Amino acid sequence: MNNKGIIALDQGTTSSRSLFFNSEMHPEKISQSEFPLYYPKPGWVEQEPIEIWNSQKSTLNALALKHKITSQQVAGIGITNQRETVVAWDKRSGEPLYRAIVWQCRRTEAFCNQLKKQGKASLLLRKTGLVIDPYFSASKMAWLLQNVAAVKKAAKSKHLAFGTVDSWLIYFLTKGAVHATDVSNASRTQLMNLSTLEWDAELCQLFGIPMETLPEIKASDAYFGD
């Protein structure tokens, strides 16, 4: 690494942080910014996607400015993030089509119970290692497609992008060039087959998710973009 360090973006449920690790992987510097959660109905939990991005971007900028970190000192940037939270946006513009539905949200309880009654629990457990629950991302994506006109329209015109928070950050960090996720985030959507490490056509059909709306799955230590 030629004595370069690594920046870690830590995007959490109520705040974002940026950390600088030196060449010996010791955390030296940190910047943090909080942002709100929204509760439009009992059991519903949402975030504004732009507030997520702005809070993360502000910590990265503050870290660089305060500690005079230049690009020449950084070997790469890694992301750790809140899991299962879903963002839907327009691939062309990056415009969010609805608030992010947070991992804590329980709005898809009835949908998940319906899947259980249909006997789908064993299929999902076998392919994903996960139980049927609103906690995971797939039912949230299904809800967005069923209930939000802008999401339906974007899907019909092939402009819809779905992603967990890592994908949302990567899209903006690469100025819209990359729509990708890593296997660890993908494994929490309930749409990735653990045997193939790819999106599973049968599971996408079960939840009604067009596969072209999903990000490319990469290894956690893969090169994602500039």
Side-chain angles (χ1 to χ4, degrees), residues 11-13 37 41-47 49 52 79-89 91 97-148 151-152 154-156 158 160-171 179-222 224:
Q11 204 300 297
T13 306
L37 292 167
K41 293 183 181 182
W44 290 32
V45 189
E46 298 177 348
Q47 296 165 333
I52 296 174
I79 297 173
T80 180
N81 56 283
Q82 56 170 313
R83 306 287 174 144
E84 299 91 17
T85 296
V86 169
V87 183
W89 70 95
K91 291 179 183 179
L97 301 173
Y98 191 79
R99 280 179 173 169
I101 301 181
V102 181
W103 57 272
Q104 300 161 316
C105 189
R106 305 300 294 178
R107 75 185 64 191
T108 63
E109 194 93 52
F111 177 82
C112 290
N113 287 337
Q114 183 180 359
L115 290 178
K116 292 176 185 177
K117 289 178 182 178
Q118 292 172 356
K120 302 300 182 181
S122 59
L123 170 70
L124 284 160
L125 185 62
R126 174 170 55 83
K127 289 197 170 190
T128 70
L130 305 174
V131 298
I132 298 176
D133 194 270
Y135 184 79
F136 304 111
S137 309
S139 66
K140 297 174 171 64
M141 296 179 192
W143 186 93
L144 287 165
L145 283 164
Q146 293 165 8
N147 294 277
V148 181
V151 175
K152 292 180 188 177
K156 188 175 182 180
K158 309 294 184 184
L160 174 61
F162 273 135
T164 43
V165 170
D166 60 314
S167 298
W168 176 241
L169 296 180
I170 289 167
Y171 177 89
H179 184 210
T181 188
D182 85 313
V183 288
S184 67
N185 277 281
S187 72
R188 304 298 289 175
T189 62
Q190 215 156 42
L191 296 173
M192 189 190 82
N193 188 310
L194 289 180
S195 297
T196 64
L197 303 184
E198 295 177 352
W199 301 121
D200 188 280
E202 184 179 15
L203 297 181
C204 288
Q205 184 177 18
L206 177 65
F207 285 95
I209 313 300
M211 293 183 74
E212 68 270 12
T213 66
L214 299 172
E216 178 187 359
I217 301 175
K218 293 175 173 279
S220 298
D221 61 350
F224 281 78

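Along the sequence shown, residues are numbered consecutively beginning with 1. Computed from a prediction, not measured in an experiment: that's the story for all the values here. Computed from heavy atoms alone, side chains included, the values below leave out hydrogens, waters and symmetry copies.
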ask   = Any idea which heavy atoms bring Leu97 and Val148 closest together, and the distance?
value = O-CG1, 3.8 Å
query = Considering all heavy atoms of both residues, which atom of Gly12 and which atom of Gln82 are nearest to each other, and what is their separation?
reply = O-NE2, 3.5 Å
query = Using 4.0 Å as the upper bound for N to carboxylate O, is an ion pair formed by Glu46 and Arg107?
reply = yes
request  = Would you please test Trp103 and Arg188 for side chain to side chain contact (heavy atoms under 4.5 Å, CB included) and show each step?
outcome  = CA-CA 10 Å; Trp103 57 272; Arg188 304 298 289 175; over 6 Å; no
message = I'd like to know if the side chain of Lys140 and the backbone of Tyr135 have a donor-acceptor N/O pair within less than 3.5 Å.
response = yes
remark   = Between His179 and the options Phe162, Tyr171, Trp89, the ring pair (Phe, Tyr, Trp, His ring centres under 6.0 Å) test singles out Trp89
request  = Carefully, step by step, assess Trp168 and Gln11 under the rule side chain to side chain contact (heavy atoms under 4.5 Å, CB included).
outcome  = CA-CA 11 Å; Trp168 176 241; Gln11 204 300 297; over 6 Å; no
key: Value rounded to 0.5 Å, distance of OG in Ser187 from CG in Asp182   = 8.0 Å
request  = Might you confirm whether atom CD of Glu212 has over 12 heavy atoms from other residues, nucleotides or ligands at distances under 6.0 Å?
outcome  = yes
Side chain Lys218, main chain Thr181, donor-acceptor under 3.5 Å = no
inquiry  = Under a 3.5 Å distance rule, please check whether Lys152 uses its side chain to pair with a backbone N or O of Asn147 as donor and acceptor.
reply    = no
key: Interatomic distance, Thr128 atom OG1 to Leu194 atom CG [nearest 0.5 angstrom]   = 6.5 Å
ask   = So Leu197 and Met192, side chain to side chain contact (heavy atoms under 4.5 Å, CB included) or not? Walk me through it.
value = CA-CA 6 Å; Leu197 303 184; Met192 189 190 82; 3.7 Å; yes
query = How long is the gap from CE on Met141 to CD on Gln146, to the nearest 0.5 Å?
reply = 13.5 Å
request  = Decide yes or no for Asn185 and Pro215: does some side-chain heavy atom of the first lie under 4.5 Å from some side-chain heavy atom of the second?
outcome  = no
ask   = Do Ile209 and Leu203 pass the side chain to side chain contact (heavy atoms under 4.5 Å, CB included) test, and can you show the C-alpha distance, the side-chain angles, and the key distance before you say yes or no?
value = CA-CA 8 Å; Ile209 313 300; Leu203 297 181; over 6 Å; no
remark   = Of all heavy-atom pairs linking Val87 and Ala100, the shortest is CG2-CB, 3.9 Å
ask   = Is Asp133 paired with Lys116 through a side-chain N to carboxylate O contact shorter than 4.0 Å?
value = no
query = Measuring from Thr213:OG1 to Leu160:CG, what's the distance to the nearest 0.5 Å?
reply = 5.0 Å
query = Should Phe207 and Leu145 count as side-chain neighbours, where that means a heavy-atom distance under 4.5 Å?
reply = no
message = Within the 4.5 Å heavy-atom criterion, are Leu206 and Leu115 side-chain neighbours or not?
response = yes
query = Any idea which heavy atoms bring Val131 and Phe136 closest together, and the distance?
reply = O-CE1, 3.2 Å
inquiry  = Nearest 0.5 Å, please: how far is CZ in Phe224 from OG in Ser167?
reply    = 8.5 Å
Closest heavy-atom pair and its distance - Cys105, Trp44 = SG-CA, 3.5 Å
key: Heavy-atom side-chain proximity of Gln47 to Thr13 below 4.5 angstrom   = yes
request  = Enter the distance from Leu125:CG to Leu130:CG here, rounded to the nearest 0.5 Å.
outcome  = 8.0 Å
request  = Over all heavy atoms of both residues, which pair between Ser139 and Thr108 is shortest? Give the atoms and the distance, please.
outcome  = OG-OG1, 2.8 Å
query = For the side chain of Arg83 and the backbone of Ser184, is there at least one donor-acceptor N/O pair under 3.5 Å apart?
reply = yes
